[in-house]
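Just so we're on the same page: letters track the sequence lines, and every chain starts at 1. All values below were derived from every heavy atom in this structure, side-chain atoms included, with hydrogens, water molecules and symmetry-related copies excluded. As the structure is a prediction and not an experimental result, all values here were calculated from the model.
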2 protein chains.
Amino acid sequence: MSGSELTAAVVASYEIWMRTVDLAGPALARHRLTEATFQALWVIDPDEPPPPMKVVAERLHCNAPNLSFMADQLVDRGMVERAVDPSDRRSRVLVLTAKGRQVRDEVIRATLEQSPLNRLTDTELRQVATLLNRALQSPAS
Amino acid sequence: MSGSELTAAVVASYEIWMRTVDLAGPALARHRLTEATFQALWVIDPDEPPPPMKVVAERLHCNAPNLSFMADQLVDRGMVERAVDPSDRRSRVLVLTAKGRQVRDEVIRATLEQSPLNRLTDTELRQVATLLNRALQSPAS
DNA sequence: AGAGATGCTTCGAGCCTCGAAGTATGCTGC
DNA sequence: GCAGCATACTTCGAGGCTCGAAGCATCTCT
């Protein structure tokens, strides 16, 4: 219930995110991605086992019908394929295609390059990440 | 074009914002506000002269038709009124009503209280705000 | 006064989001 | 083993958000 420090930090984090999204727009359009589909692509790490849709939905803070819709878009664009999860046949995992991996790399690189955060030094970025992650780690209020 | 420091900071700022929005949801619903209308309410500071819609649209990173739509919602809910800007009769300023000021205070307080950032100390919050604002201040790339 | 610029609104299209209901598969206890 | 419940996803339909194009009122500049 304090005051201006908290307000300033929340406003700044809002502004950082909004500008990142704005600046990423053209790069997304080049690959016919929207912000929503891009974020879905982002959270599928090609260096880890393909995640079940349930996990992807959690990472995106969205619900199952919503992810189903976005997955359709990525499948239509040839960037992702659905596969049955061998460990649970109810579940579907999202597998990046070769094109999906390439587009993901390219758009993430463009997004990071243009992010306002890219103007900070590595030391400053480590401080930011440390502080923000400290805030995120506490028990779910 | 570096690497993991930047990625970690961008991901953390995304997660901070998404969690803030998630947690604010119930407080918004109590006043029949959506995330979009709440942000419009947020950027109208009752302690400053009522801002022209053009200024509000810039603060929200949205365009004129979009703000016009959101302003309609706030007017319908009795939180805001349009008034002619005396210095330019083309322009409309958005004026908070008494109800608008009260709801704005209440919902902003709830949002800040529940934000993950509320778990940091004032010193940490000052560091966060300083670093993020440093990133934001640089010339528009 | 006329021409062009600016601020807002309206309209229409498209995308995003979500609750409810349906299908398939897994799990538990009898 | 199988009945009943739980879980993962999909489909459907409604509603909200966003934006380009076009229109109106007003300002500005000459």
Worksheet item: Which is true for B:Q73 with a 4.0 Å heavy-atom rule: it touches a base, it touches only sugar-phosphate, or it touches nothing?
Response: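 Sugar-phosphate, no base atom in range.
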Fill in: Minimum-distance nucleotide to B:K54 side chain [options: C:dC8, D:dT26, D:dG16]
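Nearest listed nucleotide: C:dC8.
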Worksheet item: Nearest to the side chain of A:R90 - D:dT10, D:dA8, C:dC16?
Response: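 Given the options D:dT10, D:dA8, C:dC16, the side chain of A:R90 is closest to D:dA8.
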Send over the distance from [X] [atom1] to [N] [atom2], rounded to a whole Å.
X: B:D76; N: D:dG16; atom1: CG; atom2: C1'; result: 14 Å
X: B:R82; N: C:dG7; atom1: CZ; atom2: P; result: 16 Å
X: A:D72; N: C:dC15; atom1: CG; atom2: P; result: 13 Å
X: A:L94; N: D:dC9; atom1: CG; atom2: P; result: 8 Å
X: B:L28; N: D:dC17; atom1: CG; atom2: C1'; result: 15 Å
X: B:Q39; N: D:dC17; atom1: CD; atom2: P; result: 11 Å
X: B:L74; N: D:dG16; atom1: CG; atom2: C1'; result: 14 Å
X: A:E35; N: D:dC17; atom1: CD; atom2: C1'; result: 12 Å

Worksheet item: How do B:R92 and A:R89 order along DNA chain C: which one's closest nucleotide is nearer the 5' end?
Response: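 The residue whose closest nucleotide sits nearer the 5' end is B:R92.
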Worksheet item: Is there side-chain contact between A:M53 and A:V93, with at least one heavy-atom pair below 4.5 Å?
Response: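 The answer is no, as the side chains (C-beta and beyond) never meet within the 4.5 Å cut-off.
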Discussion item. I want to check one thing: is the phosphate of D:dC17, taken as OP1 and OP2, less than 4.0 Å away from some side-chain N or O of B:T34?
Written reply: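 Yes.
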Worksheet item: OP1 or OP2 of C:dC8 less than 4.0 angstrom from a side-chain nitrogen or oxygen of B:S91, does that happen here?
Response: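 So the side chain of B:S91 is within the cut-off, an N or O lying under 4.0 Å from OP1 or OP2 of C:dC8.
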Worksheet item: Salt bridge or not for B:D72 and B:R82, using N-O below 4.0 Å?
Response: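 A salt bridge links B:D72 with B:R82.
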Practice prompt. Taking only Lys NZ, Arg NE, NH1 and NH2, and the carboxylate oxygens of Asp or Glu, determine whether B:R109 and B:E113 approach each other closer than 4.0 Å.
Written response: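 No, B:R109 and B:E113 are not salt-bridged.
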Worksheet item: Would you say the side-chain atoms of A:E124 pair up with the backbone N or O of A:T121, donor to acceptor, closer than 3.5 Å?
Response: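 Such a contact is found between A:E124 side chain and A:T121 backbone.
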Discussion item. Does anything in residues 60-71 of chain B come within less than 4.0 Å of DNA chain C? Heavy atoms only, and list the residues if so.
Written reply: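 B:A64, B:P65, B:S68 - these, ordered by number, are the residues of the stretch whose heavy atoms sit under 4.0 Å from the strand.
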Worksheet item: Cut-off 3.5 Å, side chains only: do B:T7 and B:S4 have a donor facing an acceptor?
Response: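 Short answer, no.
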Discussion item. Taking ring pair (Phe, Tyr, Trp, His ring centres under 6.0 Å) as the criterion, tell me which of B:F38, B:W42, B:W17 meets it with A:Y14.
Written reply: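 Exactly one candidate clears the test, B:W17.
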Fill in: Where A:A12 and B:L136 come nearest, the two heavy atoms and their spacing
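That would be O-CD1, 4.1 Å.
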